[in-house]
Protein chains: 2
Amino acid sequence: MPRSKGAVSIRDVAAAAGVSVATVSRVLSPATADVPMRKETRDKVERAIDELGYRPNDLARALLQHRTAAIGLVVPDISNPYYPPLVRGVEDVASSHGYRVVLCNTDRDPAKITGYLDTLIKTRVDGIVVAGGGWADVPERTAVLGRYRTGLVAVGRHLTAHPSVRIDNVAASRAAAEHLIGLGHRRITFVGGPATSTTVQDRAQGFRDALKASGLDRLAPAVRYGDFTEESGYALAREILRPSRPPTALLCANDRVALGAYAAAADTARRIPDDVSIVGFDDTPIARYVRPTLTTVAIPTYEMGSAAMRLLLAQFGGDGGPALETMPTRLVVRGSAAAPPGGGPDA
Amino acid sequence: MPRSKGAVSIRDVAAAAGVSVATVSRVLSPATADVPMRKETRDKVERAIDELGYRPNDLARALLQHRTAAIGLVVPDISNPYYPPLVRGVEDVASSHGYRVVLCNTDRDPAKITGYLDTLIKTRVDGIVVAGGGWADVPERTAVLGRYRTGLVAVGRHLTAHPSVRIDNVAASRAAAEHLIGLGHRRITFVGGPATSTTVQDRAQGFRDALKASGLDRLAPAVRYGDFTEESGYALAREILRPSRPPTALLCANDRVALGAYAAAADTARRIPDDVSIVGFDDTPIARYVRPTLTTVAIPTYEMGSAAMRLLLAQFGGDGGPALETMPTRLVVRGSAAAPPGGGPDA
DNA sequence: TTGTAAGCGTTATCAC
DNA sequence: GTGATAACGCTTACAA
């Protein structure tokens, strides 16, 4: 018989069991597992809990302990296939450590970002994992976090001054470009992704580095920007493949863009990899199911998420300040890249 | 100068502004926007808030108001491409109404499901949106929700007795099958998805209904189960296409399975749609980018998410009990389904 | 071994 | 107009 309307509280349980609230609290709290207690009392309490279907109010608990066991996870857009594994990685280690995760989609909009940041602080999450960019003018905002002892770790290189997990996009992209060059390609175009993205900037840089290292930079490295969608990849590839002497290989900013390029090749009657080689980024599940299978750079997205969460937990544990974890990438060679038409250098 | 260690509280602000905590609360609380107050006082308070970087503690607020402005979102696995748009739909309307969302991945594991349910109740979320199955023995568990005034709406037909948003999978699948039959196919196999999924059961049923209605059910309708992955689709399709006289069309449980079937067709040198027609379910972004483009049933996933959240908001508003919203599906005819080899009935 | 009571950071009800 | 103060549902000294 709960008092009044509303949820059953610790007082209802105490009353039902004929003990004090302190006693009920003791049977529930792991912190007081060591204090001695008559088995009979414990049983009475547990019976009452069961009968009433009592669930302790974690808000009250959190208020007292200054710890909510919640973390915020800020991503640009969960609909972007890149993020779900990352989110899953964060959630898995979070939940296995008793933390719940509050998901925030920002669309890289500074207004939304600061709005969510405020909400997260007000609800006193213990920490925040931020992935993806759009944080141009936001850094100052993170100053408040310190005042509220809110941890933060970034996935990517957009928020310096905080622990972060990253990949070496420059090196990864360079390796992919070198693979193409090794195959004999001389005219390669880097395709797509927003020019403002640090990820894209790094990948474009790695591409340029590879060309330069091979002395292929007398012709200005061809880099075309767009966004991260199939649509963008399709449109760009259509344009790029139009000239009479188009590039023989396309290094795409991600797999979605690569998939768009596949469609463009099909629609212009070009065979992959015979007429044009295509390389992607991310190794999303589709990569092994398109035909030809897609050669792409595997990014350990799930692991980046779980590593980020672990870094956050380390912060909670007081284990040091800024840390930086660089995760390995790997070029997965499949069927979409081969020697250029003619079989060798043609420049 | 916050008292002690820890976050700045309303008392710090009151002290800094030289007013009582009640006054500070009044400038912050929308509920008391109407009470008169000297502009000078308000300014003093606002200045103090700014200077201290004060963020009210929503836990305390929630404790008092019996309302957390949080909802739980329970999905099988965010990595499954079907869910991100749904999640986004929920999050968009949630955040635009001031609610935050706590994401829970269950892997359809009853233990995880009940675990998350408990956590969500303990943190006193105002409501829960559940999508996806695995709830076989869980329904009794939802009884507790009532005791804590926790709203619930289901996406799908697995949790009767609660408001829900659904699609008519039977009708949708039947329409897809009829499309194939209309094209002239007589030997069609329904491919994949877990036999335990109500979604799959419904789609298989619609498939059988279509065959029966066309008098094609003298040959036992061919239905093969697996799971929702490309891998499963690939494996099943390889088997299905092996016989000397294989089906001329594959109705796949979802686009991922269909993509697996694409790969199987390619690897066995069968042309789509010339040798075999393929139809999918979900209309995921890839559908329009594979070649040939994939004929598939579009499911308004995003809208289902936003509708579910709206239903939850309606519950909060006391707007009636169980409601049921059925969202429309649509067969998107693209390039993967055409007349069977020979051009017409061959049975 | 168990109970009493202070206090976590707010809001709401009274007074003044 | 503004200030005390009693809740909200818990945990944790400190008593008993």
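Here is the naming used below: chain letters follow the sequence lines, and residue numbers restart at 1 for every chain.
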*Asks:* Kindly point out which of dG3(D), dC8(D), dG1(D) is positioned nearest to the side chain of Thr23(B)?
*Replies:*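 Looking only at heavy atoms from C-beta outward on Thr23(B), the closest nucleotide is dG3(D).
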*Asks:* What is the distance from CZ of Arg42(B) to C1' of dG1(D), rounded to the nearest Å?
*Replies:* 11 Å
*Asks:* Between His66(B) and Thr41(B), which is nearer to the 5' end of DNA chain D once each is assigned its nearest nucleotide?
*Replies:*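 Nearest nucleotide further toward 5': that of Thr41(B).
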*Asks:* Taking atom P of dG9(C) as reference, at what distance in whole Å does atom CG of Asp12(B) sit?
*Replies:*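 Roughly 9 Å, once rounded to whole Å.
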*Asks:* Rounded to whole Å, how long is the line connecting atom CD of Glu40(B) with atom P of dT2(D)?
*Replies:* 9 Å
*Asks:* Is there a donor-acceptor pair under 3.5 Å between the side chain of Thr68(A) and the backbone N or O of Arg124(A)?
*Replies:*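 At least one qualifying donor-acceptor pair exists.
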*Asks:* Produce a footprint string for nucleotides 11-16 of chain D: one letter per nucleotide, 5' end first; B if the base is under 4.0 Å from any protein heavy atom, S if only the sugar-phosphate is, - if neither.
*Replies:* BBB---
*Asks:* Whole angstroms only, please: what is the CD1-C1' distance between Ile121(B) and dG9(D)?
*Replies:*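 To the nearest whole Å, that distance equals 17 Å.
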*Asks:* Could you tell me the separation between the CZ atom of Arg11(A) and the P atom of dA5(C), rounded to a whole number of Å?
*Replies:* 14 Å
*Asks:* Taking the axis from the first five pairs and the axis from the last five, what angle separates them in the helix from dT1(C)-dA16(D) to dC16(C)-dG1(D), rounded to 10 degrees?
*Replies:*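 If I round to tens, the end axes sit 50° apart.
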*Asks:* When you measure from the side chain of Arg147(A) to the backbone N and O of Leu52(B), does any donor-acceptor pair fall under 3.5 Å?
*Replies:* yes
*Asks:* When you measure from the side chain of Glu303(A) to the backbone N and O of Met327(A), does any donor-acceptor pair fall under 3.5 Å?
*Replies:* no
*Asks:* How many Å lie between CG on Leu63(B) and P on dC8(C), as a whole number?
*Replies:* 14 Å
*Asks:* To the nearest Å, give me how far apart OH (Tyr148(A)) and C1' (dC8(C)) are.
*Replies:*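 Tyr148(A) atom OH is separated from dC8(C) atom C1' by 15 Å.
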*Asks:* For Asn80(A), give me all partners under side chain to side chain donor-acceptor pair (under 3.5 Å), at least two apart in sequence or on another chain.
*Replies:* none
*Asks:* Do any N or O atoms from the side chain of Gln315(A) and from the backbone of Leu152(A) form a donor-acceptor pair under 3.5 angstrom?
*Replies:*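 Yes, because the side chain of Gln315(A) sits within donor-acceptor range (under 3.5 Å) of the backbone of Leu152(A).
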*Asks:* For the side chain of Asp126(B) and the backbone of Ala69(B), is there at least one donor-acceptor N/O pair under 3.5 Å apart?
*Replies:*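 Side chain of Asp126(B) to backbone of Ala69(B): a pair is present.
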*Asks:* Does the pair Arg47(B)/Asp43(B) count as a salt bridge with the N-to-O cut at 4.0 Å?
*Replies:* no
*Asks:* Sub-3.5 Å donor-acceptor pair from the side chain of Ser29(B) to the main-chain atoms of Arg26(B), do we have one?
*Replies:* no
*Asks:* Check the distance between dG7(C)'s C1' and Asn57(B)'s CG and give it to me in whole angstrom.
*Replies:* 14 Å
*Asks:* Can you check whether Ser9(A) has a side-chain N or O nearer than 4.0 Å to OP1 or OP2 of dG9(D)?
*Replies:*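 No, no such contact exists.
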*Asks:* Keeping the roles fixed (side chain from Asp109(A), backbone from Thr106(A)), state whether a donor-acceptor pair exists under 3.5 Å.
*Replies:* no
